[in-house]
Amino acid sequence: MRLRFAPSPTGTLHLGNARTALFNFLAARREGGTFVIRIEDTDRVRSDPRHEAALLADLAWLGLDWQEGPDRGGDFAPYRQSERQAFYADALNRLRELDCVYPCFCTDEELARDQAEQRRRRQNPRYVGRCARLAPVESARRLRAGEPAAWRWRVPPLGSLGWNDLVYGPQHQEMVNLGDFVVCRRDGQAGFLLSNIVDDCAMRITHVLRGADHLSNTGRQLLMARALALTPPAYGHLPLLVNRGGTPLAKRTGATGLGALAEAGYLPGAVRNYLARLGHVYAQDELLDLETLAGGFDWTAINRSSAILDPIQLDHWQHLALRALDDAAYDRWASQALGPEAPPGLPALVRDNVRNHADLVEWRERLAGRRLPSAAAQETLRVLDARLREYGVVHAGEGTLADFLAGLRTHHPSAFPSRQVYPALRAILTGSLEGPELARIWDWLGPERRRLAFRSIRAAPVPPAPPEAVPPGCPSGQPSG
Ligand code: GLU
């Protein structure tokens with residue numbers, strides 16, 4: 001089996017294309033097949049070598065290892081479409097000989113006018129066939145005169161096409177709905193439909209998993225493969241990924257890029273487990289390594305409805321991936337966010353409470369820096385029993401949390417039930433009602449920070465806390481009174 005991922009280097013790798021890459025990789029890996037990377041850089045204007053380098057770096061980060069590609073060659077090199085023009089020119093010549101294509105001299109303005117008219121009549125936009133009706137001598141004369149022409153497929157008016165989609169099952173397209181599509185553009189550049197099928201066949205690709213946005217291209221590409229007597233791959237189309245609101249995910253609408261996730265501290269193992277389950281189910285719900293993900297991959301089990309991108313799920317896998325790190329690896333991960341100056345012990349303290357680097361920075365600010373209490377903590381502080389504050393200012397520097405609570409209860413018998421005193425202490429010490437076990441926070445803060453936290457409460461009117469006020473749990477600031 002030979003599978004490929006064929007990105008266009010026109011932007012960053014978003015989660016949608018990363019999932020496509022992963023699925024092709026897993027399918028190849030499962031069968032001991034070959035995974036190929038081909039760069040589809042025929043759009044000269046939008047393609048950029050920097051995007052190509054970033055795409056390859058993102059794929060490598062995700063742990064997808066390819067056996068053939070632009071950076072490492074292979075039996076079917078080159079792996080960049082911009083370097084494969086001769087293949088497309090050959091194919092076009094052959095199609096001209098077979099009379100499958102005809103030159104189309106229509107200008108962009110004419111085509112735009114046709115489309116506007118079709119929209120007005122509520123018809124599907126498709127080529128009106130103006131140049132299909134030109135007499136061959138007339139076309140030949142215009143070509144000889146050097147008039148720029150695209151080449152269009154002459155789709156027969158009758159008949160239909162079918163294939164068995166690996167994901168969607170039997171598919172059927174009527175010729176009449178295909179329209180005379182462009183095979184080669186006016187600028188001489190092979191169109192996507194031609195270069196893509198020519199390369200898949202030349203590179204002996206056996207299976208293609210690609211986005212369902214390509215479903216409508218597949219019939220046209222099978223038609224071309226048949227005419228050129230090429231063996232096409234088997235196609236499987238992946239339902240699109242949508243955001244929670246149901247809107248499709250597009251490169252240019254700021255969809256989450258893989259690079260941005262890596263920068264935010266997400267681990268490749270978390271992203272892999274998340275993507276592998278977008279529209280595909282695994283029997284095991286623990287964090288799986290790449291080999292196990294490949295072993296359990298089954299394209300016949302891919303769900304046919306759109307998969308919803310859910311950041312909560314991503315955080316779930318990240319939680320498991322962080323947990324799976326050994327202490328040294330976790331410390332390295334934390335120091336990427338906090339730098340070498342991380343307060344000692346802080347990353348370990350909050351290990352179960354962070355999902356990404358921003359969470360770590362937030363905890364550092366809560367416990368060892370300046371940060372306003374959360375809204376919920378402010379509310380708790382607003383109704384804080386003054387006796388707790390007073391007791392803390394005097395005694396927070398002493399002993400363990402258990403000692404403190406025992407003393408508090410001796411001092412104010414039955415005034416402080418646990419369900420009230422714990423959130424209050426969290427709010428005072430951390431400015432948050434959530435977080436690590438309170439006794440561990442207590443110990444980590446140490447006497448000085450705890451005392452300051454209690455004093456800051458008295459100093460800072462809450463709520464609303466003015467921006468310049470020293471929030472509770474921020475002992476590095478100067479209490480103002
Ligand atoms: N370059 C195409 C894309 O990025 C590849 C489509 C395909 O996989 O066939 O959508």
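In this chain, residues are counted from 1 in sequence order. Atoms within a ligand are numbered from 1 in the order they appear, just like the ligands themselves. All values below come from the heavy atoms of this structure, side chains included, with hydrogens, waters and symmetry mates left out.
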### Query
With a distance cut-off below 6.0 Å to the six-membered ring centre and an angular limit of 45° from the axis, does Arg30 pair with Phe297 as a cation-pi contact?
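Cation-pi check for Arg30 and Phe297: fails.
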### Query
Do the charged groups of Arg130 and Asp114 touch, with an N to O distance under 4.0 Å?
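Asp114 and Arg130: salt-bridged.
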### Message
Less than 4.0 angstrom from a charged side-chain N to a carboxylate O is my criterion; do Arg29 and Glu291 meet it?
### Response
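Looking at Glu291 together with Arg29, the answer is yes, because their closest N to O distance falls below 4.0 Å.
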### Message
If you count heavy atoms of other groups shown closer than 6.0 angstrom to CG of Asp285, is the number above 12?
### Response
no
List every atom of ligand 1 that sits less than 4.0 Å from any heavy atom of [X], numbering the atoms from 1 in the order shown and giving each element.
X: Arg4; answer: 7 (C), 8 (O), 9 (O)
X: His214; answer: 3 (C), 6 (C), 10 (O)
X: Glu40; answer: 1 (N), 2 (C), 5 (C)

#### Entry: Among Leu3, Leu59, Asn24, side-chain contact (heavy atoms from CB on, under 4.5 Å) partner for Trp66
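Of the listed options, the one satisfying the test is Leu59.
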#### Entry: Polar atom proximity, Pro7 to ligand 1 (N or O, under 3.5 Å)
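Checking ligand 1 against Pro7, no N or O pair falls under 3.5 Å apart.
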### Query
Looking only at heavy atoms of Asn196, does any of them come nearer than 4.0 Å to an atom of ligand 1?
yes
### Query
Backbone, side chain, both or neither: what part of Phe192 comes under 4.0 angstrom of ligand 1, heavy atoms only?
side chain
